[in-house]
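Everything on this sheet refers to the single structure shown next.
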Amino acid sequence: MEDRWLSVDQIADHLGIKRDTVYKWIDERQMPGHKIGRLWKFNKQEVDDWVKSGSVREKIKSRTIKQKRVDNAQP
């Protein structure tokens, strides 16, 4: 079993996303991570469980619905 902590770049590669998206998900979607000093570290299993739980999808869906409301309200 792998107990190694992953960096922002490593977790981004694992998920197939950009590193900017990792920081955005930490702020907006409560992506599980641990700040050690000024660096973020991630447990691969915690992140995989978070993704499988649908936390990413629910937040994206909620944001899309809110954006549609804003778009429809504009003349």
side-chain hydrogen bond (donor to acceptor under 3.5 Å, both in side chains) with D13: which residues, sequence neighbours excluded?
none

Partner set under salt bridge (charged side-chain N to carboxylate O under 4.0 Å, His left out) for D9, not counting sequence neighbours:
R19

Which pair of non-hydrogen atoms, one from V47 and one from M31, has the smallest distance, and what is that distance?
CG1-CE, 3.8 Å

Can you tell if the side chain of Q10 reaches within under 4.5 Å of the side chain of F42, non-hydrogen atoms only?
no

So, for N43 and Q45, which heavy atoms are closest and what is the spacing to 0.1 Å?
OD1-N, 3.0 Å

Counting C-beta onward and ignoring hydrogens, is there a side-chain heavy-atom pair between W25 and V22 closer than 4.5 Å?
no

Just to verify, what does T21 make a side-chain hydrogen bond (donor to acceptor under 3.5 Å, both in side chains) with, not counting sequence neighbours?
none

Could you go through residues 34-41 and list every donor-acceptor pair under 3.5 Å that involves a side-chain atom there, pairing it with any protein atom two or more places apart or in another chain?
| residue | atom | partner | partner atom | Å |
| --- | --- | --- | --- | --- |
| H34 | NE2 | E46 | OE1 | 3.1 |

Interatomic spacing from CZ in R29 to CH2 in W50 - rounded to 0.5 Å
7.0 Å

Under a single-linkage definition using a 4.5 Å side-chain heavy-atom cutoff for Ile, Leu, Val, Met, Phe, Trp and Tyr, are V8 and W5 assigned to the same hydrophobic cluster?
no

